[in-house]
Engineer: 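Once you've had a glance at the structure underneath, I'll fire off some questions.
For reference, positions follow the sequence shown, starting with 1. Everything quoted here is computed from the prediction, not taken from an experiment.
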Amino acid sequence: MAALHQTAASLQAKLLPTIRISRTTPVNLSFSATFPSRSLRLGHHRSHGGAKMSATAAGSYAAALAEVAASNNTLDATSSDVEKIESVFADSQVFDFFANPTIGVEKKLEVVDEIATSSSLQPHSANFLKILVDAKRIDILKEIVTEFELVYNKITNTELAVVSSVVQLEQQHLAQIAKQVQKLSGAKNVRIKTQIDPSLVAGFTVRFGNSGSKLIDLSVKKQLEEIAAQIDLGNIQLAV
């Protein structure tokens, strides 16, 4: 499992205040008799019209983890842990290892301990990952990450902005983008995620709002498309 040790978790530091939330009456759920000490308290999670069962399960797991983090005043640190876990499992070799039904649970739990140590996960985050392994729910980890992000953003009144560019932007530029998104969205906090997109040629795009519904497009690709749309080759006559 050398690939596990080589996986780098590239994270952006978040300077968000500690958030306290009121806890609703939970339902205690013990995930496995094998790990009686590992249990989470799940709040009621309603699915939205026609949502798949996996999405409902992912939402429940995410809400449970957020509740534990909020009760420990470690919501920001847990969000960082979730990003680390997402980065590790983005490696197909890691994901395939945990998804392989022929590999025993105990072996997988040993590897979880390796991940927890190398990524400096909090105990409850490592414990949560072990619960997913024991419950055979690693297959919905990506959905859990997405749902946790939604819960985290709602609790902290945070707007997520995804900035795409050809090259990594400087921190001062990202800070300016964050201020503009905050002004447009009215959110208390803005969290920036960056990604590289060579197709933009130059410049950048910013997506925010519900499911990235709002777009700020300052890319050269966009400008070239607008120029091309204005050119009507049918009206051009060549001089003879």
Engineer: Taking only Lys NZ, Arg NE, NH1 and NH2, and the carboxylate oxygens of Asp or Glu, determine whether Asp134 and Lys108 approach each other closer than 4.0 Å.
Structural biologist: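 No salt bridge links Asp134 with Lys108.
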Engineer: Within the structure provided, determine whether Phe204 and Asp197 are in side-chain contact (heavy-atom separation under 4.5 Å).
Structural biologist: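 No - every pair of side-chain heavy atoms lies 4.5 Å or more apart.
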Engineer: What distance separates Asp217 CG from Leu200 CG, expressed to the nearest 0.5 Å?
Structural biologist: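 Answer for the CG-CG pair, Asp217 versus Leu200, is 7.5 Å.
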Engineer: Could you measure the distance from the OG atom of Ser164 to the CG atom of Leu215? Nearest 0.5 Å is fine.
Structural biologist: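 Atom-to-atom, Ser164:OG and Leu215:CG are 9.0 Å apart.
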Engineer: Ser125 and Asp81: side-chain donor and acceptor closer than 3.5 Å?
Structural biologist: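 Per modelled atom types, Ser125 and Asp81 side chains form a pair under 3.5 Å.
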Engineer: Is it possible for you to say whether Leu150 and Val181 belong to one hydrophobic cluster, with membership spreading through side-chain heavy-atom contacts below 4.5 Å?
Structural biologist: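 Not linked; separate clusters.
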Engineer: Just wondering, do Ile138 and Val133 contact through their side chains at under 4.5 Å, heavy atoms?
Structural biologist: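 Answer yes - side chains close enough.
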Engineer: If you define the side chain from C-beta out and look only at heavy atoms, does anything of Val220 sit under 4.5 Å from Val166?
Structural biologist: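 Side-chain contact under 4.5 Å: no.
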Engineer: Give, for atom CD1 of Ile85 and atom CG of Leu129, the distance between the pair rounded to the nearest 0.5 Å.
Structural biologist: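 Nearest 0.5 Å value for the CD1-CG distance: 5.0 Å.
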Engineer: Could you give the distance from CG (Asn72) to NE2 (His124), rounded to the nearest 0.5 Å?
Structural biologist: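 Going from the CG atom of Asn72 to the NE2 atom of His124 covers 6.0 Å.
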Engineer: Would you give the length of the straight line joining atom CD of Gln176 to atom CD of Gln172, rounded to the nearest 0.5 angstrom?
Structural biologist: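 Interatomic distance, Gln176 CD to Gln172 CD, rounded to 0.5 Å: 7.0 Å.
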Engineer: Measuring from atom CG of Leu121 to atom OG1 of Thr78, what distance do you get when rounded to the nearest 0.5 angstrom?
Structural biologist: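 The OG1 atom of Thr78 is 10.0 Å from CG of Leu121, to the nearest 0.5 Å.
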Engineer: Quick one, Asn153 with Glu159, criterion side-chain contact (heavy atoms from CB on, under 4.5 Å). Give me CA distance, side-chain angles, the key distance, then yes/no.
Structural biologist: CA-CA 7 Å; Asn153 291 345; Glu159 184 71 42; over 6 Å; no
Engineer: For Ile216 and Leu184: C-alpha separation, side-chain torsions, deciding distance, then whether side-chain contact (heavy atoms from CB on, under 4.5 Å) applies.
Structural biologist: CA-CA 11 Å; Ile216 300 173; Leu184 293 173; 3.9 Å; yes
Engineer: Flag the pair Leu65 / Val82 as yes when at least one side-chain heavy-atom distance between them is below 4.5 Å, and no otherwise.
Structural biologist: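 The answer is yes; the side chains approach within 4.5 Å.
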Engineer: Would you call the rings of Phe98 and Phe89 parallel, tilted or perpendicular, where under 30° means parallel and over 60° means perpendicular?
Structural biologist: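 Geometry flag for Phe89 against Phe98: tilted rings.
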Engineer: Would you indicate whether the side-chain heavy atoms of Ile140 and Tyr61 approach each other to under 4.5 Å?
Structural biologist: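 Contact flag for Tyr61/Ile140 side chains = yes.
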Engineer: Would you say Lys107 and Phe97 make side-chain contact, with heavy atoms under 4.5 Å?
Structural biologist: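 Yes. Closest side-chain heavy atoms under 4.5 Å.
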Engineer: Would you check, one step at a time, whether the test side-chain contact (heavy atoms from CB on, under 4.5 Å) holds for Glu86 with Glu149?
Structural biologist: CA-CA 11 Å; Glu86 178 184 26; Glu149 189 171 76; 5.9 Å; no
